[in-house]
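Okay, so here's the structure we're looking at.
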There are 2 protein chains.
Amino acid sequence: MLTNRQLQILKVIVDDFILTAQPVGSRYISKKETVDFSPATIRNEMADLEEMGFLEKLHSSSGRAPSEKGYRFYVDHLLSPSTLSSREKNLIRESFGKKTLEFEQVVEKSAGILSDLTNYTSIILGPEVFETRLKQIQITPLSHEKAVAVLVTNTGHVEHRVFSTPLEIKATDLEKMVNILNERLKGVALIEVPERLNKEIFSLLKEHAEHFNDAFMYLRAALANDNSAKLYVGGKTNILMQPEFKDIDRIRSIMSMIEEEKDIASLLKTSDKGIQTMIGHENPFIALQHCSIITANYYFGNQQVGTLALLGPTRMEYNRVVTLVEELSRHMTETFREWY
Amino acid sequence: MLTNRQLQILKVIVDDFILTAQPVGSRYISKKETVDFSPATIRNEMADLEEMGFLEKLHSSSGRAPSEKGYRFYVDHLLSPSTLSSREKNLIRESFGKKTLEFEQVVEKSAGILSDLTNYTSIILGPEVFETRLKQIQITPLSHEKAVAVLVTNTGHVEHRVFSTPLEIKATDLEKMVNILNERLKGVALIEVPERLNKEIFSLLKEHAEHFNDAFMYLRAALANDNSAKLYVGGKTNILMQPEFKDIDRIRSIMSMIEEEKDIASLLKTSDKGIQTMIGHENPFIALQHCSIITANYYFGNQQVGTLALLGPTRMEYNRVVTLVEELSRHMTETFREWY
DNA sequence: TTTAGCACTCGGAACCAATGAGTGCTAACA
DNA sequence: TGTTAGCACTCATTGGTTCCGAGTGCTAAA
C-alpha cells in the first residue's frame, strides 16, 4: 500500500503533469506550499513510486510523468471532482434552458457544449436501435414515381426515406396502405419492422390491389433499417491543440478512426454503465493508445440508453471533465424525460 | 512571350514538382527523354523563367519550383486534360449506375468518389436556397404538444422540422391548416415562405379557429429558413497526407475553416460558372494560401445551381483533377435531370 | 528517518566541418 | 549567335563535438 506521503506526491505529479505536459522534478515538488519535504526525500519516494509502476521517466535524468497505471490510480483514488465553474454552469443552463423538440438538436448541442468547455473531442452515440419503436409512419407521394416515408420513433427521432413507387398507384390506394401500416406497425421495435412487413403485412396489403406488390417491394427496401446507431462528434479539431499530438501520424490515425465511426461506435457500445474511464491501452485500438475516453450513459425513458463520450489525451483534466460529462448526461436524460 | 523551349521546360518542371513535391534541377530535366538540351542551356532558360515570375527557388542553390503565377500559366495554357483511367470510370459508373432517389444520397456519394479518387478534400455546396421551391408540406402530430412538418422541395430535397403545437388543437383542424398551406405555398420559393405566411396566410388561417393563432406562431418559427446552403465534405483527413502540410498550424487553420463552413460556403458561392481554379492567394483566406480550389457547377433543372469543389495543395494534380471534377458535375447534373 | 552534498546522466542548443545537389558565370565551340 | 563544358560558389543537410542545465541516485552526516 502507498503511504500518505506517496499519495500526496503522486497527486501533485499527476495534477502538475496534466497542467503542463512537462515531466515533474523533485525540486519543483518540494517548493509547493502543500509539500514540506526536501527534494532528496521526494526523490526517494519517486523512485519507489516508479518501482511500483505509477511513474515513468522519459530518460534517466528527466523528471517523472505518470504512467497509465498512475493515471488509473489517480482516477480511482485521488480524484477530487471539481464543481462546475460559473462559466460552465451558465453555458449549460443557457443551452438547456431553451426548449428543444428534436432528439438531434439536443444531442448536437450537448456535443458542442462538451467539446467547447473541455477542448477535447466529444462523441455521442445515439440510443440503441433495437430499443427504438416506431410511433408513426406517413407516406407522401413526391412525383408519379417517388414517395417519401416519414418515420417517427418514440425517442422523438424523425427520419424520412424516399422510395420508388410503381406508376399505377393511386393516392387513395396509398392512403389505405398507410392506414394498414400504421395500424400494424405502431409500437413495433424498428428492428422488427422488416420482419413484420414480410410476415403479416404483405398478405394484408395483397388483398387490396395487385400493384401493391410492387410498391411493397420498394417500401420494404426503404424501411430496411441500417442498424447503425448514429455518431455525433463535436470539436474534431480540438485534438490538434494538444501538445502530445504534434505528430501528424498520430493525428491521422485518430482522425480517420473518428471518421470511420464503426470502431468508435462499437467501443462506446460495449462500455459499461455509469461514468467510465478508459485510459491509454485500456482500449483495444492502437490509434487511441495515447488517448483516454470518458463515457457516461444517458437514458431515454427507462431502458433505452445512449452513450456520451469525451476523447482526449491520456493527460486529461480528469477532475473537471468527469463532472462535466456526468452533468451533461444528467441534463440529457432529464430533457428526454420531460418529453413524456 | 515564352519560347517553345521555355514552355516545354516549364511544363516539365510543373509536372515533376506536382508528382514529387521536390524542387527540380537542370540536370534532372536534361535527362528526360523529351528534352534534348544540356543542363547549362536549361539553367539559362530557368533563370529567365524565374525572372518572369513563373518559377521560384527555395534558396540560392536549390532547384526550381513553380510559383503561383507558374501554376496559373500551366493551368491556363499547358494543361493536357487527362482521360479517365478505367479505375476511375468504373468507380463512377458503378456509383451512378444504381438508381438514387434522394438529393443527399447523390451528393454524398459524389463527394465520396471525388475525395477517394483524388486524395484531396471534396466539398459540395447544395443548390442555392433562393431558387428552391416548396413542392409539398405535410404536418403530422407527434404528441399532444409536438408536431412535425415535412417539407419537400422541387430539388428532391426532403426535410422535416419539429415544432410545438398548442394543446387545444385538433387533428381535423390541423388537416385544414395543412390544406391551406399546401394550396397557398406550393411552388413558392423557400425563401419567400416566411413572408407569405405573414401576409396572406395568417389572415386566412385566422378565419378558421382562434388557436391557430398560437399554432401559427410555432409553425412560422419552424419554417423560418436558415438560408445557409448545406455543405457536404468528403475526405477531410486527406489533407493530412500532403507533405506540404506537415505543419500542424497550417492543418489546424484549414481544418477549422472547413469545420466553420461559413467562409467556405461564401467562397464557393461567389465562384464563377464553369470549371474554375483558384490557385494559392487567388482566394482571400490566409488559411488557404497554400491551397488550390477547383470548382464546377452542377445544375438542377435549368436555373438552380450548386457547386462542386475540390480542395488540395497548390501542388495539385490539375490535369487529372480537372477532368474528374468536370465529369462528376456532369454526372450529377444528368442524374438530377432524369428526375423530371 | 530525513537531508545535504556530490557525481553522474542525458536531452537540447550551439557550433563546426564535410558532403552533395544545384546554381551562375565565363569562355570555348559549332 | 546560340549552345555547352567547366568551374567557382551557395546553401541545406548530416554528423560529430562541446557545453549547459535540469534532474537523478547514492552516500554520509544530522
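Convention: sequence-line order gives letters A, B, ...; per-chain numbering from 1. Worth knowing before you read on, the calculation uses all heavy atoms, side chains too, and leaves out hydrogens, waters and symmetry mates.
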Next on the checklist: If we count only N and O atoms by modelled type, under 3.5 Å, do the side chains of A:S292 and A:Y318 hold a donor and an acceptor together?
Outcome noted: yes
Next on the checklist: Can you pull out the residues from residues 28-43 of chain B that lie within a 4.0 Å heavy-atom distance of DNA chain D?
Outcome noted: B:F37, B:S38, B:A40, B:T41, B:R43
Next on the checklist: Any carboxylate oxygen within less than 4.0 angstrom of a Lys/Arg side-chain nitrogen, looking at A:E327 and A:K89?
Outcome noted: no
What side-chain donor-acceptor pairs closer than 3.5 Å can you find for residues 49-58 of chain A, not counting sequence neighbours?
residue	atom	partner	partner atom	Å
A:E50	OE1	A:R64	NE	3.1
A:E50	OE1	A:R64	NH2	2.7

Checklist entry - Which two nucleotides bound the region of DNA chain D that has atoms under 4.0 Å from heavy atoms of chain B, read 5' to 3'? => result D:dT3 to D:dA12
Next on the checklist: What verdict does the side-chain hydrogen bond (donor to acceptor under 3.5 Å, both in side chains) test give for A:E68 and A:H281, after you've listed the backbone C-alpha separation in whole Å, the side-chain angles of each residue and the deciding distance to 0.1 Å?
Outcome noted: CA-CA 8 Å; A:E68 287 184 11; A:H281 289 81; 2.7 Å; yes
Checklist entry - Do B:L324 and B:L114 come within less than 4.5 Å of each other through their side chains, counting heavy atoms only? => result yes
Item to check | Closest-nucleotide 5' rank along DNA chain D - winner of A:A47 and B:R5 | outcome: B:R5
Checklist entry - Salt bridge between A:E259 and B:K236, side-chain N to carboxylate O under 4.0 Å? => result no
Item to check | Nearest-angstrom distance from the residue atom CG of A:L58 to C1' of C:dG11 | outcome: 10 Å
Checklist entry - Distance-only, no hydrogens or angles: does the B:N283 side chain make a donor-acceptor pair with backbone N or O of B:L288 under 3.5 Å? => result yes
Next on the checklist: With a sphere of 6.0 Å drawn around CG of A:N4, does it hold more than 12 non-hydrogen atoms of other residues, nucleotides or ligands?
Outcome noted: no
Checklist outcome for this item: Here the distance between atom C1' of C:dG22 and atom CZ of B:F17, to the nearest Å, is 15 Å
